[in-house]
Amino acid sequence: MDQETVKYIIRYFGHLMTDDERAALQYHMYMYKSSDNEKMREIMKERGWIKQTPETDHLLQNGYEEFEMNTARRILKEIPEKIFFNNCPDCGKLARTPSAKQCRYCGLNWHQK
């Protein structure tokens with residue numbers, strides 16, 4: 001699975017993630033956003049926004065990209081009927097969003113089709 005497909009699944013079908021996967025995603029996001037501001041990181045920890053658990057550590061142990069790939073694979077394997085890939089009818093490439101009606105690669109516009 002290519003990185004574009006992984007990002008598409010995580011971004012538009014993130015509601016299909018498990019609670020642990022959501023927690024790992026949130027942990028990574030807040031740690032990344034507060035990486036250059038230790039004071040902000042401490043505030044986020046105090047408020048409970050950054051929660052490090054054994055499950056988040058396990059999911060992120062091989063890095064964030066591997067976590068995204070594993071999560072997307074699991075979603076696609078376990079509940080493929082809930083994933084909609086919006087591919088261009090002309091070139092077959094993945095559209096930017098599930099509701100897009102114009103291809104960013106070949107420029108085809110299928111609003112009227």
Under 3.5 Å donor-acceptor pairs involving side-chain atoms of residues 84-100, not counting sequence neighbours:
from: Asn86; atom 1: ND2; to: Thr97; atom 2: O; distance (Å): 3.0
from: Asn86; atom 1: ND2; to: Pro98; atom 2: O; distance (Å): 3.2
from: Asn86; atom 1: ND2; to: Ala100; atom 2: O; distance (Å): 2.8
from: Thr97; atom 1: OG1; to: Ser99; atom 2: N; distance (Å): 3.4
from: Thr97; atom 1: OG1; to: Ala100; atom 2: N; distance (Å): 3.0

_Backbone of Met1 reached by a side-chain donor or acceptor of Thr5 within 3.5 Å_ = no
*Minimum heavy-atom distance Leu60-Ala24, with the two atoms named*: CD1-O, 3.6 Å
*Side chains of Asn62 and Asn70: closer than 4.5 Å at any heavy-atom pair?*
no
*With Lys7 via side-chain hydrogen bond (donor to acceptor under 3.5 Å, both in side chains) - residues at least two apart*: Glu68
*asked:* On a heavy-atom basis, which atom in Thr71 and which in Ile10 lie closest, and how many Å separate them?
replied: CG2-CD1, 3.8 Å
*Which pairs count as salt bridge (charged side-chain N to carboxylate O under 4.0 Å, His left out) when at least one residue sits in residues 50-61, sequence neighbours excluded?*
none
*Could I get the full list of salt bridge (Lys or Arg N to Asp or Glu O under 4.0 Å) partners for Glu42, not counting sequence neighbours?*
none
_Going by side-chain contact (heavy atoms from CB on, under 4.5 Å), name the residues that satisfy it together with Asn37, two or more places apart in sequence or in a different chain._
Lys39, Met40
*With sequence neighbours excluded, tell me which residues meet salt bridge (Lys or Arg N to Asp or Glu O under 4.0 Å) with Asp19.*
Arg22
*Can you pull the ring-ring contact (aromatic ring centres under 6.0 Å, His included) pairs that have at least one residue in residues 87-109, sequence neighbours excluded?*
none
_List the residues meeting side-chain contact (heavy atoms from CB on, under 4.5 Å) with Leu25, not counting sequence neighbours, and say none if there are none._
Met17, Tyr64, Phe67
*Give the minimum heavy-atom separation between Trp110 and Gln102, together with the two atoms involved.*
CZ3-C, 3.8 Å
*Taking all heavy atoms of Cys103 and all of Cys106, pick out the closest pair and write down the distance.*
SG-N, 3.3 Å
_Quick one: does any side-chain atom of Glu21 pair with a main-chain N or O of Thr18 as donor and acceptor, under 3.5 Å?_
yes
*Tell me, please, which residues at least two apart from Met31 pass side-chain contact (heavy atoms from CB on, under 4.5 Å).*
Tyr27, Arg41, Ile50
*Set of residues satisfying side-chain contact (heavy atoms from CB on, under 4.5 Å) with respect to Gln61, sequence neighbours excluded*: His58
*Could I get the full list of salt bridge (Lys or Arg N to Asp or Glu O under 4.0 Å) partners for Glu78, not counting sequence neighbours?*
Arg74
_Pairwise side-chain contact, Ile75 with Ile83, heavy-atom cut-off 4.5 Å (strictly under)_ = yes
*Minimal non-hydrogen separation, Met44 against Tyr30, with atom names*: CE-CD2, 3.8 Å
*Within one Ile-Leu-Val-Met-Phe-Trp-Tyr cluster: Ile43 and Met29, side-chain cutoff 4.5 Å*: no
_Distance (rounded to the nearest 0.5 Å) between Gln3 CD and Glu65 CD_ = 5.0 Å
*By salt bridge (Lys or Arg N to Asp or Glu O under 4.0 Å), which residues pair with Lys33, not counting sequence neighbours?*
none
